[in-house]
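Okay, structure first, notes after.
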Amino acid sequence: MKAQTLYDKLWSSHVVREEEDGTCLIYIDRHLVHEVTSPQAFEGLRLAGRKPWRNHSIVATADHNTPTDHWDEGIKDPISRQQVETLDANIKAFGALAYFPFKDLRQGIVHVVGPENGATLPGMTVVCGDSHTSTHGAFGALAHGIGTSEVEHVMATQTLVAKQSKAMLVKVEGQLGRGVTAKDVALAIIGRIGTAGGTGYAVEFGGSAIRSLSMEGRMTLCNMAIEAGARAGMVAVDQTTIDYVKGRPFAPTGETWDRAVAYWRTLVSDEGAVFDNVVELKAEDIEPQVTWGTSPEQVVSIGARVPDPAGEADPVKKGSAERALQYMGLAADTPISQITIDKVFIGSCTNSRIEDLRAAAEIARGRTKAANVKLAMVVPGSGLVKAQAEAEGLDKIFIEAGFEWREPGCSMCLAMNADRLEPGERCASTSNRNFEGRQGQGGRTHLVSPEMAAAAAIAGHFVDVRTFA
Amino acid sequence: MKAFNQINGLVCPLDRANVDTDAIIPKQFLKSIKRSGFGPNLFDEWRYLDHGEPGMDNSTRPVNPEFVLNFPRFRGAEVLLARENFGCGSSREHAPWAIEDYGFRALIAPSFADIFFNNCFKNGLLPIVQPAEVVDQLFREAEQSEGYRLTIDLPSQTMVTPSGQSFPFEITAHRKHCLLNGLDEIGLTLAHADDIRAFEAGHQQRQPWLFV
Ligand code: SF4
């Protein structure tokens, strides 16, 4: 048999039927649902008199609109509240395998909640009306974001209409240096291939540096695949994957577990499998990254300076860089380490898992937030992450350092709730998008790792965590 | 869904690369539980000078005269001409909903983000990929000649400039069929319900742990 990529295997094991032009019906195993992109889909079902094909494929939670403080007061914004209540009502009416509503102990960001409950398993097709669904590819799953029409389509038919993408391998060999995280790897890759570099591809991340990442790190990396334009990112299954899944609430047990593991171990690209494109990076070359512009590809290492658009030959790129500098209120050639910040956000589906919080807390321990930093907030990815962090005393470390310790949710990653930047405010953020207005209209976002964000909170400006004593 | 056959539409050139979905429709408008009415808030942060919130009367808001969509000569445009990686960012279908609701029927760019591209077809919008040189030429022509229109013909998969120059474009047979007939994809898929059931039964035998 022809050598197959991991993506080939995941794809071909889910094809229900194929048309002449290559358009396929793909079976969907797990459908993650949140309040923002689902109401119109449920409404569509209702109008057409349809029911979910298999409501036990659905795992839902409310995350985008939920507040991160004063939970006793509920959701104050009436429009946000209506959206969350609409999800409550829809799940009640249509059913689900599990629903973690607002204030539930297991509530949280959908891409944190799925894996930690074992609702994301290797070999699955996972979809969600959210582009960062690529996160779940960390488990050797085929996972990608879909639009609301597709949410409705999956609910009604358990399938998606799709064509197989091309396959890309991004290989990172070597050992990551101290203070260099999965987030830095993700940003370095995007810096290399650009935000459209992965368009039309399903990307597999491989190489020794990837294999040595924890599941949390792999999720961070796959989460950012969409920022490189790739709908799906994935990492082959290995012992790390299996160890993480074992014992989670929705993971198989007993004899079924053994059978599942035997199958999951086949979820790797075969020796000699051919990719349409291969990109290679050396782990040793990757340094802590900081974005300077309004696209994740506008990124440099901490030791660098803000680039000068004058040096850009491509006129479209040059125009983007000029506009970005203007929006960001930055002058070309400013050393990154001299950029002062107003706020710090540690959270989002990219970097809000326990490992991220531990790393940030390690930096914050025994130190104090700089006076010019108005707010440094830590938003755990889920109620379970929060509980774990509190059991380890991380909340106290943050609070003693002058950070705010919040309730779980998407929060200032996209500022749909009350957490946002004011116009002109500059933020060191562990989230995934530095688009104009993403964290609040006129807000200026610099994407960094949790360690780098915590260090910036202490120093008041960006600083190299590797030399931060 | 609105069917798409042929249009002769005014072209509006939006000369920015990497236009993301947060720019197309800012998040505060995502709180709606409806799928219509997003048009007035398309490109909200670029189009208006104040901060927009849902429920505002958009007709009384100060508009940004420097934003291309507000130029009188592009009023009523049906074709949005854009740069590379248009629609990058989130999967929000509110982006194509807003573009469609505003009145656009087709988009032309050197490249689109995958999820956005896919979402367009579900909403009667035709995204057309053209080589960068062609897009450059169209930008020049649309900016230079007022009232610049393109005839976009889906059956023959061509777009024709006012001077008669014709460019072919690609589309999969499946998408073309759905767009031409304004078909509801769910209905089409459910015609294969037996295939889905058969697959599901086999899948459950092979991987029973997926069916808890
Ligand atoms: S944390 Fe941010 S990127 Fe992730 S799902 Fe929430 S809003 Fe989207």
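In what follows, chains are A, B, ... by sequence order, proteins preceding strands, each numbered from 1.
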| Looking at B:T21, B:D195, B:D20, which one has more heavy-atom pairs under 4.5 Å with chain A than the rest? | B:D20
| request: Select, from B:T189, B:L188, B:I186, the one with the greatest count of heavy-atom pairs under 4.5 Å involving chain A. | output: B:I186
Does any heavy atom of chain B fall under 4.5 Å from the side chain of [X], the backbone, both, or neither of them?
X	value
A:R420	side chain
A:A415	both
A:N432	neither
A:R50	side chain
A:L25	side chain
A:T256	both
A:V15	backbone
A:T195	both

Between [options], which has the largest tally of heavy atom pairs under 4.5 Å with chain B?
options	value
A:G319, A:P252, A:A196	A:A196
A:P423, A:S80, A:S320, A:S165	A:S80
A:S295, A:G44, A:G437, A:A251	A:G437
A:G147, A:G442, A:P39	A:G147
A:I226, A:T37, A:I79	A:I79
A:I146, A:T294, A:T253	A:I146

Just verifying a value: how many Å separate [X] [atom1] and [Y] [atom2], rounded to the nearest 0.5 Å?
X	Y	atom1	atom2	result
A:C410	B:K27	SG	NZ	12.0 Å
B:L210	A:Y27	CG	OH	8.5 Å
B:L190	A:W53	CG	CH2	7.0 Å
A:L414	B:L30	CG	CG	7.5 Å
B:R92	A:S131	CZ	OG	8.5 Å
A:T148	B:N119	OG1	CG	7.5 Å

| request: For this output row, return yes or no: ring centroids of A:H56 and B:F211 closer than 6.0 angstrom. | output: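 Ring centres of B:F211 and A:H56 not closer than 6.0 Å.
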With no hydrogens and no angle check, is any side-chain donor or acceptor of [X] less than 3.5 Å from a backbone partner on [Y]?
X	Y	answer
B:K122	A:E150	no
A:D21	B:A173	yes
B:K31	A:N65	no

| request: List for me each residue that meets side chain to side chain contact (heavy atoms under 4.5 Å, CB included) alongside B:S32, sequence neighbours excluded, and say none if there are none. | output: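 Per chain and number, B:S32 pairs via side chain to side chain contact (heavy atoms under 4.5 Å, CB included) with B:K34, B:F38.
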Please look at [X] and chain A and tell me whether the side chain, the backbone, both or neither of the residue comes under 4.5 angstrom of a heavy atom of that chain.
X	value
B:H51	both
B:F112	backbone
B:E53	side chain
B:H174	both
B:D184	side chain
B:A193	both

[Y] and [X], any side-chain heavy atoms less than 4.5 Å apart:
X	Y	value
B:P208	A:R259	yes
B:R16	A:R323	yes
A:E43	B:I33	no
A:Q441	B:Q28	no
A:D29	B:H203	yes
B:W209	A:M124	no
A:R231	B:N118	yes
A:E297	B:N18	yes

| request: List the atom of A:V316, the atom of B:A17, and the distance in Å for their closest heavy-atom pair. | output: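 Taking A:V316 first and B:A17 second, the nearest heavy atoms are CG1-CB, 3.3 Å.
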[X] and [Y]: side chain donor to acceptor below 3.5 Å:
X	Y	answer
B:D114	A:H144	no
B:R35	A:S149	yes
A:Q40	B:W97	no
A:D130	B:S91	no

| Heavy-atom contacts under 4.5 Å, residues 156-164 of chain A to chain B |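 Within residues 156-164 of chain A, the residues under 4.5 Å from chain B are A:A156, A:T157, A:Q158, A:T159, A:V161, A:K163.
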| request: Using side-chain hydrogen bond (donor to acceptor under 3.5 Å, both in side chains) as the criterion, point out the one residue from A:Q439, A:R438, A:R433 that pairs with B:D22. | output: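 Among A:Q439, A:R438, A:R433, the one that satisfies the side-chain hydrogen bond (donor to acceptor under 3.5 Å, both in side chains) with B:D22 is A:R438.
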| B:F199 ring centre to A:R17 NZ or CZ under 6.0 Å, with the angle to the axis within 45°? | no
